[in-house]
Engineer: 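Handing you this structure, nothing more for now.
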Amino acid sequence: MRQGINLNFVRRRRNAPDRPLREALELCRNSGFRIVDHLTPVLDADWLEQAERLRDEMDCLGMTVHQSHCPFFRYKPGGLELFAEYAPRAVKAADVLGSKILVIHADEYREADSFDFHRILDKTREYLAPVIASCAEKGIRPAIENLFEDGFGTRCGERSRFTAQTEEVLAVIDSFRGSGIGCCWDSGHAHCAYGERMFEEFEKLSPHVICTHLHDNSYGHDMHKAAFVGSLDWECLMTHLKNSGYSGDFTWEFVYERFPDELFPDYLQFVHKTGEYLIRSVSPDNIGRDKTI
């Protein structure tokens with residue numbers, strides 16, 4: 001099992017412009033990371049040139065992009081139209097970067113006054129179908145991410161976010177059988193959605209999990225923290241990954257932290273060391289083989 005990290009997180013600086021691409025890549029490499037989770041900003045006019053430059057920089061450093069994240073527009077007006085415009089760019093950018101997986105949020109369709117599972121599933125399949133087909137043409141595996149109910153656009157206590165429940169993720173995957181589709185299992189989202197029951201839900205998704213977003217949180221908030229700073233049971237997480245036969249990457253997805261430049265290399269090295277500790281804790285040679293604890 002290899003460790004990866006979200007490159008956007010590494011690029012972002014505290015109270016300063018983003019780090020240059022080369023500097024961010026070298027920070028990752030010097031901390032032990034050789035693979036990253038990244039997609040060039042496909043809303044930019046020069047998105048394709050950016051993808052090509054990143055590919056060349058990573059080739060020079062012996063690094064790779066293994067998974068990318070399709071842009072999502074849940075919190076913007078006209079989200080479905082924006083998805084239709086920019087998701088095809090995401091597939092092409094991922095292909096240029098050499099990504100094997102494209103992670104997708106399947107929550108762009110939202111009904112204002114109701115939450116009808118079957119109608120939403122039909123609409124979701126409709127807007128995802130061109131992207132799933134394009135991924136198949138490029139040899140990229142789409143991965144539907146498990147989300148959590150955020151309450152956006154609803155009255156108190158109502159549902160609004162599709163794929164915030166395991167059965168909805170499974171329904172989307174099942175509707176595209178034969179396409180290579182899988183699931184990106186997000187530990188922080190599962191913890192927000194289910195708390196201590198998150199591993200029961202993981203068992204339902206585990207046959208389909210092809211990649212991960214791993215991060216910690218507490219109190220039901222999506223905090224995207226490093227392991228062991230929240231209340232997620234990391235030993236239990238690793239045991240379930242091992243017993244499921246998962247053999248993909250261990251990918252950190254951090255978002256909010258902004259460390260000063262002087263401290264950031266030490267933080268990245270600590271994160272990498274933490275990942276190595278967790279991977280060793282389940283005997284990496286047995287990942288994908290040993291089905292017993």
Side-chain angles (χ1 to χ4, degrees), residues 37 39 42-43 67-95 99 101-138 140-155 157-190 192-194 198 201-202 204-213 222 253:
D37 177 341
L39 182 74
V42 294
L43 276 66
Q67 65 192 58
S68 297
H69 201 312
C70 195
F72 53 90
F73 304 97
R74 174 172 173 77
Y75 307 109
K76 296 180 182 294
L80 277 178
E81 292 77 12
L82 290 168
F83 185 89
E85 180 177 358
Y86 292 109
R89 290 188 181 184
V91 178
K92 187 165 185 178
D95 183 49
S99 295
I101 295 169
L102 182 66
V103 177
I104 301 171
H105 283 195
D107 65 341
E108 298 290 359
Y109 179 78
R110 179 170 57 87
E111 298 189 326
D113 301 318
S114 64
F115 191 91
D116 185 286
F117 171 89
H118 295 290
R119 185 162 59 245
I120 297 173
L121 177 60
D122 287 344
K123 293 291 187 180
T124 300
R125 177 175 171 78
E126 182 180 314
Y127 78 78
L128 286 181
V131 180
I132 303 299
S134 184
C135 283
E137 291 172 3
K138 300 290 187 183
I140 297 170
R141 298 191 69 182
I144 304 302
E145 184 172 347
N146 62 299
L147 304 176
F148 63 98
E149 186 58 64
D150 58 3
F152 178 73
T154 67
R155 293 182 291 271
E158 294 180 343
R159 290 286 317 280
S160 76
R161 195 176 198 184
F162 202 57
T163 62
Q165 298 292 322
T166 300
E167 289 71 23
E168 294 159 5
V169 177
L170 289 169
V172 174
I173 292 171
D174 190 59
S175 70
F176 289 103
R177 285 196 177 190
S179 67
I181 196 170
C183 171
C184 173
W185 190 68
D186 188 300
S187 64
H189 292 174
C192 286
Y194 298 109
M198 63 181 286
E201 301 302 317
F202 171 79
K204 300 174 186 176
L205 286 170
S206 63
H208 306 281
V209 173
I210 60 174
C211 64
T212 58
H213 284 166
D222 189 32
E253 190 191 37

Engineer: Can you sort out the partners of Ile210 under side-chain contact (heavy atoms from CB on, under 4.5 Å), two or more places apart, ordered by chain and number?
Structural biologist: Ile101, Arg141, Ala143
Engineer: From Ile173 CD1 over to Ile144 CD1, what is the distance, rounded to the nearest 0.5 angstrom?
Structural biologist: 6.5 Å
Engineer: Taking ring pair (Phe, Tyr, Trp, His ring centres under 6.0 Å) as the definition, give me every residue that meets it alongside Phe117, ordered by chain and number, with sequence neighbours left out.
Structural biologist: Phe162
Engineer: Could you walk me through whether Arg74 and Ser160 pass the side-chain contact (heavy atoms from CB on, under 4.5 Å) check?
Structural biologist: CA-CA 11 Å; Arg74 174 172 173 77; Ser160 76; 2.8 Å; yes
Engineer: Sort and list the pairs that fulfil salt bridge (Lys or Arg N to Asp or Glu O under 4.0 Å) and have at least one residue in residues 176-185, not counting sequence neighbours.
Structural biologist: Asp174-Arg177
Engineer: Would you please name every residue forming a ring pair (Phe, Tyr, Trp, His ring centres under 6.0 Å) with His105, sequence neighbours left out?
Structural biologist: His69, Phe72
Engineer: Give me the atom names and distance for the closest heavy-atom approach of Leu102 to Cys135.
Structural biologist: CD2-SG, 3.9 Å
Engineer: Sequence neighbours left out, what passes side-chain contact (heavy atoms from CB on, under 4.5 Å) with Ser179? Give chain and number order.
Structural biologist: Ile132, Phe176, Ile181
Engineer: Do the side chains of Thr124 and Thr163 get nearer than 4.5 Å, heavy atoms only?
Structural biologist: no
Engineer: Under a 4.5 Å cut-off applied to non-hydrogen side-chain atoms, are Pro142 and Val131 in contact?
Structural biologist: no
Engineer: Is Lys204 atom NZ crowded by more than 12 heavy atoms from other residues, nucleotides or ligands, each under 6.0 Å away?
Structural biologist: yes
Engineer: Nearest heavy-atom pair of Ala106 and Tyr127: which atoms, and what distance?
Structural biologist: C-OH, 3.3 Å
Engineer: Any Lys/Arg nitrogen of Glu108 or Lys123 sitting under 4.0 Å from an Asp/Glu carboxylate oxygen of the other?
Structural biologist: no
Engineer: So do Phe73 and Leu43 actually touch side chain to side chain, heavy atoms under 4.5 Å?
Structural biologist: yes
Engineer: Please report the shortest heavy-atom distance between Glu168 and Ala164, naming the atom on each side.
Structural biologist: OE1-N, 3.4 Å
Engineer: Any side-chain donor paired with an acceptor under 3.5 Å for Tyr75 and Asp150?
Structural biologist: yes
Engineer: Which pair of heavy atoms, one from Leu39 and one from Ala94, lies closest together, and at what distance?
Structural biologist: CD1-N, 3.9 Å
Engineer: Can you measure from OG (Ser175) to CG (Leu170) and round to the nearest 0.5 angstrom?
Structural biologist: 11.0 Å
Engineer: Give the minimum heavy-atom separation between Met198 and Ser187, together with the two atoms involved.
Structural biologist: CE-O, 3.5 Å
Engineer: Would you say that Val91 contacts Asp95 through its side chain, given a criterion of any heavy-atom pair below 4.5 Å between the two side chains?
Structural biologist: no
Engineer: Enumerate, atom names and distances included, each donor-acceptor pair closer than 3.5 Å involving a side-chain atom of residues 81-89, sequence neighbours excluded.
Structural biologist:
{"unit_1": "Arg89", "atom_1": "NH1", "unit_2": "Val42", "atom_2": "O", "d": "2.7"}

Engineer: Could you grab the distance from atom CZ of Arg159 to atom CG of Asp116, nearest 0.5 Å is fine?
Structural biologist: 12.0 Å
Engineer: Any side-chain heavy atom of Asp222 within less than 4.5 Å of one from His189?
Structural biologist: yes
Engineer: Looking only at heavy atoms, what is the nearest atom pair of Val209 and Cys211, with distance?
Structural biologist: CG1-O, 3.5 Å
Engineer: Please check this pair: side chain of Glu149 against backbone of Arg161, looking for a donor-acceptor N/O pair closer than 3.5 Å.
Structural biologist: yes
Engineer: Answer yes or no: is there a donor N or O on one side and an acceptor on the other, between the side chain of Asn146 and the main chain of Asp186, under 3.5 Å?
Structural biologist: yes
